[in-house]
Amino acid sequence: MGQGLFGAIHGFRETEKSRWSEASRAILQRVQAAAFGPGQTLLSSVHVLDLEARGYIKPHVDSIKFCGATIAGLSLLSPSVMRLVHTQEPGEWLELLLEPGSLYILRGSARYDFSHEILRDEESFFGERRIPRGRRISVICRSLPEGMGPGESGQPPPAC
Ligand SMILES: O=C(O)CCC(=O)C(=O)O
Ligand SMILES: [Fe+2]
């Protein structure tokens with residue numbers, strides 16, 4: 001996201017959104033109930049990322065300065081493949097097929113020890129299966145870094 005990603009995302013636009021319709025709020029509440037514990041505080045706004053069909057996200061670990069222990073992402077429109085690669089053991093990796101309407105949750109080792117990336121169209125395979133990429137929108141909720149109260153987050157960065 002933003003500065004922390006230093007150009008990791010290609011072919012995108014993004015926004016931070018804090019006001020939602022009632023229908024969207026109900027969905028976000030389901031996401032939050034599924035992904036976050038009662039002791040976790042979320043960043044005050046939700047990150048919405050709109051990746052064009054040729055857009056992709058290079059491997060990165062979200063900044064621990066701006067993001068806490070949990071990242072939850074709802075994928076919309078096009079399916080895509082997210083690859084996780086261990087930062088110390090590149091031979092240790094896995095891929096997730098992100099179907100539209102699916103939710104992924106990165107926490108624990110997946111959050112801190114593995115990079116995540118969204119494959120570009122030419123490389124978009126889940127095993128043998130080709131997953132053609134179209135426009136993809138993701139709605140990403142993050143917890144605040146530990147020890148940071150909602151009032152202490154200051155001006156949140158446009159992205160992590
Ligand atoms: O689009 C996604 O689901 C992930 C985006 C991401 O990795 C990020 O913004 O840090
Ligand atoms: Fe990320």
Side-chain angles (χ1 to χ4, degrees), residues 1-18 20 24 27-36 40-88 90 92-126 131-146 148 153-160:
M1 298 174 58
Q3 298 184 326
L5 286 187
F6 287 115
I9 312 185
H10 292 261
F12 74 106
R13 52 192 187 154
E14 67 183 346
T15 188
E16 299 281 329
K17 193 164 161 54
S18 53
W20 296 86
S24 298
I27 293 168
L28 286 172
Q29 268 157 20
R30 286 175 59 199
V31 168
Q32 292 168 7
F36 299 90
Q40 284 183 299
T41 310
L42 301 193
L43 291 177
S44 53
S45 55
V46 174
H47 181 200
V48 180
L49 183 65
D50 182 353
L51 264 192
E52 64 185 26
R54 283 172 309 177
Y56 60 98
I57 304 177
K58 292 201 284 197
H60 67 278
V61 176
D62 283 28
S63 162
I64 57 165
K65 213 166 150 190
F66 301 118
C67 298
T70 304
I71 302 167
L74 189 58
S75 299
L76 302 173
L77 303 181
S78 171
S80 62
V81 178
M82 177 178 272
R83 180 188 290 153
L84 304 186
V85 181
H86 198 285
T87 55
Q88 307 298 321
E92 213 182 303
W93 59 271
L94 66 142
E95 288 170 346
L96 307 175
L97 176 57
L98 303 182
E99 298 275 16
S102 69
L103 178 72
Y104 68 81
I105 301 171
L106 300 180
R107 61 181 162 218
S109 188
R111 156 75 177 99
Y112 293 112
D113 302 330
F114 286 77
S115 63
H116 55 275
E117 65 196 286
I118 296 286
L119 303 183
R120 67 180 89 200
D121 182 55
E122 301 91 285
E123 298 171 359
S124 190
F125 286 86
F126 183 63
I131 308 295
R133 273 285 319 286
R135 178 186 177 196
R136 168 182 181 267
I137 291 179
S138 49
V139 178
I140 306 151
C141 297
R142 294 179 168 88
S143 58
L144 272 177
E146 293 288 304
M148 238 202 212
S153 56
Q155 183 59 39
C160 281

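Bear in mind the structure is a predicted one, so any value in this text is a computation, not a measurement. Order of appearance sets the numbers: ligands from 1, and atoms from 1 within every ligand. Along the sequence shown, the residues carry numbers beginning at 1.
Checked by atom type and distance alone, the side chain of R133 pairs as donor or acceptor with a backbone atom of G55 at under 3.5 Å. With hydrogens and angles ignored, the 3.5 Å screen pairs a side-chain donor or acceptor of R107 with a backbone N or O of A35. When atom types are taken as modelled, the side chain of H60 and the backbone of K58 share a donor-acceptor pair closer than 3.5 angstrom.
Under 4.0 Å from ligand 1, the heavy atoms of I140 that appear belong solely to its side chain. Residue E117 does not touch ligand 1, judged by heavy-atom distances below 4.0 Å. Contacts of I57 with ligand 1, taken as heavy-atom pairs under 4.0 Å, involve the side chain alone.
The two residues Y112 and A69 make their nearest non-hydrogen contact at OH-CA, 3.2 Å.
Under the side chain to side chain contact (heavy atoms under 4.5 Å, CB included) rule, S80 has a single partner from L98, L51, L119, L96, which is L98.
Between E95 and R83 a salt bridge is recorded (basic side-chain N to carboxylate O distance below 4.0 Å). Using a 4.0 Å cut-off between charged nitrogen and carboxylate oxygen, R54 and D121 do not count as a salt-bridge pair.
Residue-ligand proximity, L49 to ligand 1, at heavy-atom distances under 4.0 Å covers atoms 1 (O), 5 (C). Each of the atoms 2 (C), 3 (O), 4 (C) of ligand 1 lies under 4.0 Å from some heavy atom of Y104. Those atoms of ligand 1 with a heavy atom of H47 less than 4.0 angstrom away are 9 (O). Under a 4.0 Å criterion applied to the non-hydrogen atoms of D62, ligand 1 contributes the atoms 10 (O). Taking a cut-off of under 4.0 Å to the non-hydrogen atoms of S138, the atoms of ligand 1 that pass are 1 (O), 2 (C), 3 (O).
Ligand 1 has R142 within reach: a non-hydrogen atom of the residue lies less than 4.0 Å from it. Not a single heavy atom of E14 sits under 4.0 Å from any atom of ligand 1. Note on ligand 1: I118 sits outside its first shell, no heavy atom being nearer than 4.0 Å.
Restricting D62 to its N/O/S atoms, the shortest distance to the Fe ion (ligand 2) is reached by OD1.
Rounded to the nearest 0.5 Å, atoms OG1 (T41) and CD (E146) are 8.5 Å apart.
The Fe ion (ligand 2) is the vertex of the angle joining NE2 of H116 and NE2 of H60, which measures 90° to the nearest 10°.
Within a 6.0 Å sphere centred on CG of L94, other residues, nucleotides and ligands contribute more than 12 heavy atoms.
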